[in-house]
Each structure stands twice: as structure tokens, then as C-alpha cells.
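Just so it is clear: chains get the letters A, B, ... in the order the sequence lines come, proteins before strands, and each one is counted from 1.
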Protein chains: 2
Amino acid sequence: MTSDVMTIREMCDAFDVTPRTLRFYESKELLFPIRDGTRRLFTRRDRARLKLILRGKRFGFSLEEIRQLLDLYDRDGSQELQLERTYQVARQRLEQMERQRAELDEAIAELKDQLAWGEEALAAFRRAAAE
Amino acid sequence: MTSDVMTIREMCDAFDVTPRTLRFYESKELLFPIRDGTRRLFTRRDRARLKLILRGKRFGFSLEEIRQLLDLYDRDGSQELQLERTYQVARQRLEQMERQRAELDEAIAELKDQLAWGEEALAAFRRAAAE
DNA sequence: AGAGGAGTTGACGTTGACGTAAACGTGACG
DNA sequence: CGTCACGTTTACGTCAACGTCAACTCCTCT
């Protein structure tokens with residue numbers, strides 16, 4: 001099963017990222033492709049991680065935050081202390097996220113108010129123009 | 001009414017920003033304080049603009065976007081077109097924010113799942129340790 | 001053998017929104 | 001008169017997440 005690993009090009013096509021991005025992620029220890037000589041070969045584990053990375057980015061998380069989350073998903077640590085530690089990290093992240101959501105909700109509500117005001121102002125213009 | 005203008009310090013206190021920020025905004029042509037010699041004096045117009053700037057930032061607009069919106073308001077004459085334009089931009093932002101919130105909610109749910117998993121695993125450890 | 005294409009490693013550039021430091025001016029107070 | 005506190009300008013630093021070269025190496029096809 002050679003298709004168990006993918007070249008950098010195949011990865012780029014599959015995930016719509018650039019080679020630079022994949023090398024960058026590797027340098028940040030988000031991905032761990034194996035080497036065929038100097039060339040990178042991405043395993044199915046790398047693909048799973050990249051999928052999570054890209055999703056995390058869409059959520060607006062930093063790569064460093066994502067790296068921490070990946071360590072949770074990656075919970076290979078069969079050790080209780082390690083699990084406990086990553087669990088705490090994840091809980092903190094959840095709190096952050098819920099604060100973010102609260103702020104976002106507030107901003108959305110405010111913006112909606114503004115839109116209502118704008119709508120009213122536009123309606124006034126149109127009434128004035130109708131005379 | 002000397003309170004018609006404010007010093008940089010008064011502005012910082014009133015709006016909870018740093019002097020650097022106000023100077024930066026001036027350099028970006030978002031604010032136009034008048035000068036008393038070399039010192040800046042912020043008018044009520046500056047205060048109105050700053051209020052809008054900070055609100056815009058909470059909504060996630062870039063300073064450049066904010067500048068353009070402010071400039072639209074500034075051009076003299078009938079403001080209906082400008083208002084219409086601003087309204088459209090704001091509506092697009094709102095859509096972006098609501099999509100962002102939906103994704104954030106999804107991520108929160110997923111992370112909660114992971115946490116439940118971790119909790120269960122920890123509980124298993126503790127049961128094993130209780131023997 | 002030569003050309004082409006994909007891959008590699010540095011290293012520097014970019015954008016946004018400021019922070020920080022240096023070096024100096026100025027007015028009020030004791 | 002000294003010395004603060006506060007102000008100024010200029011300019012360089014920062015952080016994230018890559019983009020954009022340059023200067024190779026290696027494989028493949030003809």
C-alpha cells in the first residue's frame with residue numbers, strides 16, 4: 001500500500017494548501033511527515049492532523065492553540081498524568097471559546113442594532129424623496 | 001467651553017486607549033486633532049469618530065475599512081448613497097460573523113465531546129487505581 | 001547527455017495594529 | 001532654579017502565518 005503515504009503535491013491538491021504551508025506546519029511541529037531521502041511523505045496521521053488544523057484555522061484559532069488541541073486528539077499518552085494535563089488544557093480552551101462566543105454574540109447584537117438604525121434612516125430618506 | 005477639546009490624556013482615559021494608538025490613528029487619517037503648538041487637541045468630531053472606530057473594531061472591521069466608511073460619511077452633500085453603501089458593508093459583516101458563530105458553536109460541541117472522552121478515561125484510571 | 005519538473009533548505013519580505021525606546025521640548029510646582 | 005509629569009517626533013521591534021525568491025539536488029523522459 002504505497003498510497004498509505006502522500007507526496008507534498010498530492011497533499012497540496014487534496015487540501016488546497018501550498019507546499020510552503022506544509023513545510024511551515026512541519027517546522028512548527030504540527031505535522032511529522034516521514035522522509036524518503038530528503039523528500040517528505042505524509043502519512044494518514046498527518047492527513048488527519050492537517051484536517052483538524054485547517055478546521056481550527058477556520059474557527060480563528062492560532063496555530064499554537066491548534067497544536068495544543070492536537071495533542072489532546074492525539075492522546076497517545078497512556079499515562080494518567082499526561083492525560084490529566086491535556087484535559088486541563090482542553091478545559092481552558094473551552095472556556096476561552098465560550099468567552100469568544102459571548103463576545104461574538106454581543107458584537108452581533110450590537111451590529112444588528114446598528115443595522116436597524118440604518119434601515120430606519122434609509123426609510124426616512126425614501127419618505128423624504130417620495131414628496 | 002474649554003471642554004470642547006480634549007488632550008491626549010483625557011482621550012486615553014475616556015476611551016481606554018494608549019497615546020500611541022491615537023497618534024497611530026492620526027497617522028492613518030482616522031482622526032484629525034487640531035494643534036496647540038505641537039500638542040494635539042481632540043475635538044468632539046474626533047471623539048465621535050473614535051467612538052465609531054472602536055465600535056467598528058469590535059465588529060471586526062479593519063482600520064482601512066473603517067477609514068473608508070468614515071470618509072463616506074464625511075463627504076458633504078446628501079448622504080443617502082453613503083449610508084446605503086455602509087449599510088451593505090455592515091450586512092455582509094454580519095453574515096460573516098454569524099457564519100463564524102455557527103462554526104464556533106460546532107467546534108465547542110466537538111471539544112466538549114473530546115472532554116467527555118477524557119473524563120471517562122480519567123475515571124477509568126481512577127477505578128483501576130482504587131483496586 | 002540534456003532538459004524539465006518537482007522537491008529541498010535557508011533567508012528575507014509582507015500585513016495589521018500597534019509597542020517600545022531614544023532624545024528632546026514645555027509648563028507647573030515647590 | 002531644578003525637576004517632574006506629560007507631551008512630542010522618528011524609527012525600529014513584534015507576532016502570525018505564511019509568500020517569495022535564490023540556489024541547489026534528484027528523478028524522469030527523450
Show the atom names and distances, to 0.1 Å, of all donor-acceptor pairs under 3.5 Å that link a side chain in residues 107-115 of chain A to residues at least two apart or in another chain.
unit_1	atom_1	unit_2	atom_2	d
A:E110	OE2	B:R58	NH2	2.5
A:K112	NZ	B:E98	OE2	3.4

Rounded to whole Å, CG of B:L41 lies from C1' of D:dT8 at a distance of 13 Å

Can B:R85 and B:Q88 be counted as having a side-chain donor-acceptor contact under 3.5 angstrom? no

Per-nucleotide protein contact along nucleotides 16-21 of chain D, 5' to 3', at a 4.0 Å heavy-atom cut-off (B base, S sugar-phosphate only, - neither), is -BBBB-

- request: Side-chain contact test, heavy atoms from C-beta onward, threshold under 4.5 Å: evaluate it for A:R40 versus A:R23 and give yes or no.
  value: yes

Taking every heavy atom of B:L31 against every heavy atom of B:D46, the minimum-distance pair comes out as CD2-O, 3.5 Å

Group every Ile, Leu, Val, Met, Phe, Trp and Tyr by side-chain heavy-atom contacts under 4.5 Å, then state whether A:L54 and A:F32 land in the same group. no

Can a donor-acceptor pair be found, under 3.5 Å and without considering hydrogens, that links the side chain of B:E95 to the backbone of B:Q92? no

Exercise. Do B:Q96 and B:Q100 have a side chain donor and acceptor closer than 3.5 Å?
Worked result: no

> Is A:D13 paired with A:R9 through a side-chain N to carboxylate O contact shorter than 4.0 Å?
Replying inline: yes

Residues in residues 7-16 of chain B with a heavy atom under 4.0 Å of DNA chain D, by number, are B:I8, B:R9

So salt bridge (charged side-chain N to carboxylate O under 4.0 Å, His left out) across residues 120-131 of chain A, not counting sequence neighbours, yields A:R126-B:E84

Q: Show your reasoning for whether side chain to side chain contact (heavy atoms under 4.5 Å, CB included) applies to B:I34 and B:V5.
A: CA-CA 9 Å; B:I34 56 180; B:V5 292; 4.2 Å; yes

B:E64/B:R67 salt bridge by N-O under 4.0 Å criterion: yes

Chain A reaches DNA chain C, atoms under 4.0 Å from its heavy atoms, from C:dG7 to C:dA11

From CZ of A:R35 across to P of D:dC26 the rounded distance in Å is 14 Å

message = Using a 4.0 Å heavy-atom cut-off, does A:R40 contact any base of the nucleic acid, only the sugar-phosphate backbone, or nothing at all?
response = sugar-phosphate

Whole-Å distance, B:D36 CG to D:dT8 C1', equals 13 Å

Paired runs of 3 or more consecutive Watson-Crick or G-U pairs involving DNA chain D, with both pairing distances under 3.5 Å, are C:1-30 with D:1-30

**Request:** Give the intermediate values and the outcome of side chain to side chain contact (heavy atoms under 4.5 Å, CB included) for residues B:F24 and B:L63.
**Result:** CA-CA 11 Å; B:F24 180 73; B:L63 290 185; 3.6 Å; yes

Q: Measure the shortest side-chain to side-chain distance between A:T7 and A:R39 over non-hydrogen atoms and say whether it is less than 4.5 angstrom.
A: no

